[in-house]
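Keep in mind that what you see is a predicted model, and the values were worked out from it rather than measured. Chain letters run A, B, ... following the sequence lines, proteins first and then strands; every chain starts at 1.
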Amino acid sequence: MPDAFQVIADPSRRQMLHLLSKDSMTINSLAENFDMSRPAVSKHVKILYGAGFIDIQDIGRERYCTLKKDGFNQLQEWINYFDNFWGAKLKKLEFILNQKTKN
Amino acid sequence: MKDNISHSLFVPQQPDEVWEYLTRPDLMELWLMKNDFEPVVGRQFRFMTNPIPKFDFDGITYCTVLEVDPCKKLSYSWKSGPGDGLITVDSLVTWTLTPKDGGTELLLEHTGFKEARHFAIFSALDGGWFSNIKKIAQLLNDTPHGATNA
C-alpha cells in the first residue's frame with residue numbers, strides 16, 4: 001500500500017479529494033477540472049484508489065469516485081503515533097532529570 | 001480531533017543543563033534514540049530505532065539541523081520512509097526552552113503535517129458518500145436519455 005503522506009503530497013490529488021469532498025463525481029467530470037490528459041487524471045485516480053482514499057463504482061457506463069475513509073485514517077494514525085511517541089519520550093526525559101535532582 | 005503535536009514539560013533544572021540532554025548524543029540516547037547529532041546548523045544526522053512496517057517506516061529518521069540558539073531553541077527537519085532513500089514523512093521538530101520558576105519549561109513541537117492535518121478531518125466524518133452515489137444512480141435510472149422536464 002502506498003504511503004498516505006506521499007499520496008497527498010501531490011497538489012492535483014489534493015484538489016481531487018477536495019472536489020470529491022463535496023460530492024461523488026465521475027472520472028470524466030473530475031477530469032474537466034484539470035488541465036491534464038485523461039490518462040494522467042486516470043493515473044492519479046488509480047493512486048488515490050490504491051491508497052484507500054477513494055472508491056470507484058461502475059454505474060451504467062460511468063465510473064463514479066467517492067471518498068473512502070481508509071486513506072484518511074492512515075494519516076490520522078501517523079499523527080497519533082508521533083503524538084504518543086513524543087509523550088512517552090518526554091516522560092522518560094522528565095524521569096531522568098528528576099532522578100538527577102534527587103542524587 | 002488532534003490536529004497538532006505539541007508537548008510541554010517543566011523541569012527543575014536550568015536551561016543550560018536541559019540543553020545538554022537535547023544536544024549531546026550520549027545523553028539524547030538515554031531518553032530518545034541512538035543518533036549521530038551535532039549542534040551545528042546544516043549538520044545532517046540520523047535517529048536509529050526499530051522499523052514499523054505498518055507505517056512504511058524503516059527505523060531511520062533523517063534529520064538536518066536548521067536552527068541552534070544555545071539553551072533557547074533548537075530545530076531540525078525530520079524525514080522518514082520505507083527505505084532506499086524514499087521519503088514519505090517530511091516534517092519539522094522544534095524545541096524551545098524558557099526559564100520559569102527557577103527551572104525550565106521545555107516545549108516540543110512536531111509540525112509540517114499540514115496536508116495531513118487538512119485531510120485528517122475526513123476520517124472523523126461518517127459515511128454519507130455511498131448513499132450519495134446511490135442517489136445519483138437512482139436519478140440516472142429514473143431519467144432516460146433525452147427525457148425533458150415536461
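Taking a 6.0 Å sphere around CZ of B:Arg43, one finds it holds more than 12 heavy atoms contributed by other residues, nucleotides or ligands. Heavy atoms from other residues, nucleotides or ligands lying under 6.0 Å from CZ of A:Phe95 number 12 at most.
If you measure heavy-atom distances from A:Tyr81 to chain B, the contacts under 4.5 Å come from the side chain alone. Only the side chain of A:Ile96 comes within less than 4.5 Å of a heavy atom of chain B; its backbone N, CA, C and O stay farther away.
Annotation: residues 57-77 of chain B contacts chain A through B:Phe57 [non-hydrogen atoms, separation under 4.5 Å]. The stretch residues 23-36 of chain B places B:Leu30, B:Trp31, B:Leu32, B:Met33 near chain A, each with some heavy atom under 4.5 Å from a heavy atom of that chain.
Under the 4.5 Å side-chain contact rule for hydrophobic residues, B:Leu97 and B:Phe10 do not share a cluster. Both B:Phe47 and B:Ile52 belong to a single network of hydrophobic side chains, linked directly or stepwise wherever heavy atoms of I, L, V, M, F, W or Y lie under 4.5 Å apart. Grouping the Ile, Leu, Val, Met, Phe, Trp and Tyr side chains by contacts below 4.5 angstrom, directly or via other members, places B:Leu92 apart from A:Phe82.
Under a 3.5 Å cut-off, the side chain of B:His7 and the backbone N or O of A:Lys89 do not form any donor-acceptor pair.
Looking at every heavy atom in both residues, A:Leu90 comes nearest to B:Leu9 through O-CD2, 3.7 Å.
Residues A:Leu93 and B:Val11 fail the side-chain proximity criterion, which asks for heavy atoms closer than 4.5 Å. At a threshold of 4.5 Å between non-hydrogen side-chain atoms, the residues A:Asn98 and B:Pro12 count as touching.
Residue pairs meeting the salt bridge (charged side-chain N to carboxylate O under 4.0 Å, His left out) criterion with at least one member in residues 5-16 of chain B, sequence neighbours excluded, do not occur.
Note: B:Trp78 and A:Trp86 have tilted aromatic rings, judged against thresholds of 30 and 60 degrees for the angle between ring planes.
Every residue was checked against the side chain to side chain donor-acceptor pair (under 3.5 Å) condition with A:Glu94, not counting sequence neighbours, and none meets it.
Here the OH atom belonging to B:Tyr21 is positioned 4.0 Å from the NZ atom belonging to A:Lys100, to the nearest 0.5 angstrom.
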